[in-house]
Amino acid sequence: MSRSTIFSTPRLIARPWTLDDVDAAFTMYGDPDVQRYLGRDGAADVVANVDEMRDRLQKLIEKYEGPFAGYIAAAMARSDTGEVVGTGLLKPLELSTGERGEEIEIGWHLAKKNWGQGYGTEIGRGLVDHGFNQMRLPKLHAIAYPENTASLRIMQKLGMEYQGRTDRYYGVTVDHYLLRA
C-alpha cells in the first residue's frame with residue numbers, strides 16, 4: 001500500500017480526497033438521488049456545480065487534516081482503475097444540537113452508477129476492520145433514514161444491532177445501529 005492509502009479491500013483502496021477528484025465527487029454529490037439520504041438537508045444539499053464541489057472538497061480536506069485529523073473521510077477508489085466509486089467515513093456523529101458527539105459513525109456514500117454492486121458492504125467491512133483493528137475504537141454507530149433500505153441492509157450484513165429510531169443526530173429522525181468490537 002502506498003503512503004496515502006488508508007486501507008484496502010479486495011476491490012478498493014481508501015485514500016484521502018484530493019482536488020483532482022472534484023469531477024468524481026460532483027458526479028456523486030451533485031446527484032439528487034445520492035443526496036436524498038445524506039445529512040441534515042438531504043436532496044436540498046445537492047451540489048450545484050463543479051466550482052461549488054471544489055470549494056466543498058477543499059473544506060473537507062482541510063477539516064480532516066485539521067480538527068478531524070485521525071478520523072476518515074476517504075475517497076474509495078477501484079484498485080484496478082483508480083476510479084472513485086464513493087466515500088468511506090469514520091467520524092464523530094453530529095448531535096441534533098449541532099455539537100460533535102462522542103459516538104463514532106461509520107458510513108458510506110456511493111455514486112449512483114455503483115449502486116447494487118456490493119461496494120457499500122465492501123466499504124463497510126473495510127471501515128469496520130480499520131476502525132476496530134487500527135483505530136482501536138470500541139464501538140461503531142451507523143444511522144440511516146428508515147426509507148434508505150440499501151444502507152439498512154448493509155448495516156445488517158455488517159452484523160450491526162438495531163438500537164431503535166432516534167432524533168438524536170443531525171436534527172433528523174433515523175434508524176440507529178451499533179456494532180461493538
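Please read these numbers as outputs of a predicted model, since none were measured by experiment.
- Atom CD1 of Ile106 is separated from atom NZ of Lys139 by 15.0 Å, given to the nearest 0.5 angstrom.
- Taking hydrophobic clusters as Ile, Leu, Val, Met, Phe, Trp and Tyr residues chained together by side-chain heavy-atom distances below 4.5 Å, Leu178 does not share a cluster with Leu137.
- Listed here is the closest heavy atom pair of Leu93 and Ile143: CD2-CD1, 3.8 Å.
- Between the side chain of Thr121 and the main chain of Ile154, no donor-acceptor pair closer than 3.5 Å is present.
- Residues Glu52 and Arg56 have side chains in contact (heavy-atom distance under 4.5 Å, counting atoms from C-beta outward).
- The only option from Ile13, Leu127, Asp129, Asn133 that meets the side-chain contact (heavy atoms from CB on, under 4.5 Å) definition with Phe7 turns out to be Leu127.
- Counting only distance, with no hydrogens or angles, the side chain of Asp31 and the backbone of Met28 share no donor-acceptor pair below 3.5 Å.
- Grouping the Ile, Leu, Val, Met, Phe, Trp and Tyr side chains by contacts below 4.5 angstrom, directly or via other members, places Leu152 with Trp115.
- Applying the salt bridge (Lys or Arg N to Asp or Glu O under 4.0 Å) criterion to Asp20, with sequence neighbours excluded, gives no partner residue.
- In Glu147, the CD atom is crowded: over 12 heavy atoms of neighbouring residues, nucleotides or ligands sit closer than 6.0 Å.
- The backbone N or O of Asp45 sits less than 3.5 Å from a side-chain atom of Gln35, completing a donor-acceptor pair.
- Under a 3.5 Å cut-off, the side chain of Asn114 and the backbone N or O of Val85 do form a donor-acceptor pair.
- With a 4.5 Å cut-off on side-chain heavy atoms, Ile61 and Pro16 do not count as touching.
- Each of Glu105, Glu102, His176 was scored for a side-chain hydrogen bond (donor to acceptor under 3.5 Å, both in side chains) with His141, with one residue passing: His176.
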Would Tyr177 and Gln156 count as a side chain to side chain donor-acceptor pair (under 3.5 Å) if you check the C-alpha gap in whole Å, the side-chain angles of each, and the deciding distance to 0.1 Å? CA-CA 8 Å; Tyr177 282 76; Gln156 293 161 0; 3.1 Å; yes
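- Considering all non-hydrogen atoms of both residues, Ala144 and Ser151 come closest at CB-CB, 4.1 Å.
- Smallest separation of non-hydrogen atoms from Thr173 and Pro146: O-CD, 3.8 Å.
- Using a distance-only test at 3.5 Å, with no hydrogens or angles considered, a donor-acceptor pair links the side chain of Ser96 to the main chain of Asp167.
- Atom CG of Leu19 sits about 10.5 Å away from atom CG of Leu60, to the nearest 0.5 Å.
- Applying the ring pair (Phe, Tyr, Trp, His ring centres under 6.0 Å) criterion to Phe68, with sequence neighbours excluded, gives Tyr64, Tyr71.
- Side-chain contact check for Glu103 and Tyr169: at least one donor-acceptor pair (N or O, by modelled atom type) lies under 3.5 Å.
- Taking both residues in full, the closest heavy atoms of Met76 and Thr87 are given as CG-C, 3.7 Å, listed atom of the first, atom of the second, then distance.
- Once rounded to the nearest 0.5 Å, the distance linking CD of Gln117 with CG of Leu110 reads 9.0 Å.
- The CG atom of Leu158 sits 11.0 Å away from the CD1 atom of Ile123 when rounded to the nearest 0.5 Å.
- Taking both residues in full, the closest heavy atoms of Tyr145 and Val172 are given as OH-CG1, 3.5 Å, listed atom of the first, atom of the second, then distance.
- Looking at every heavy atom in both residues, Val84 comes nearest to Asp21 through CG2-OD1, 3.9 Å.
- Taking CD from Glu122 and OG from Ser8, the interatomic distance works out to 9.5 Å, rounded to the nearest 0.5 Å.
- Within a 6.0 Å radius of CD in Glu161, other residues, nucleotides and ligands contribute 12 heavy atoms or fewer.
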Does the side-chain contact (heavy atoms from CB on, under 4.5 Å) test come out yes or no for His109 and Leu89, once each step is laid out? CA-CA 8 Å; His109 306 158; Leu89 300 161; 3.5 Å; yes
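- Considering CG of Asp55 and CD of Gln58, their distance stands at 8.5 Å, rounded to 0.5 Å.
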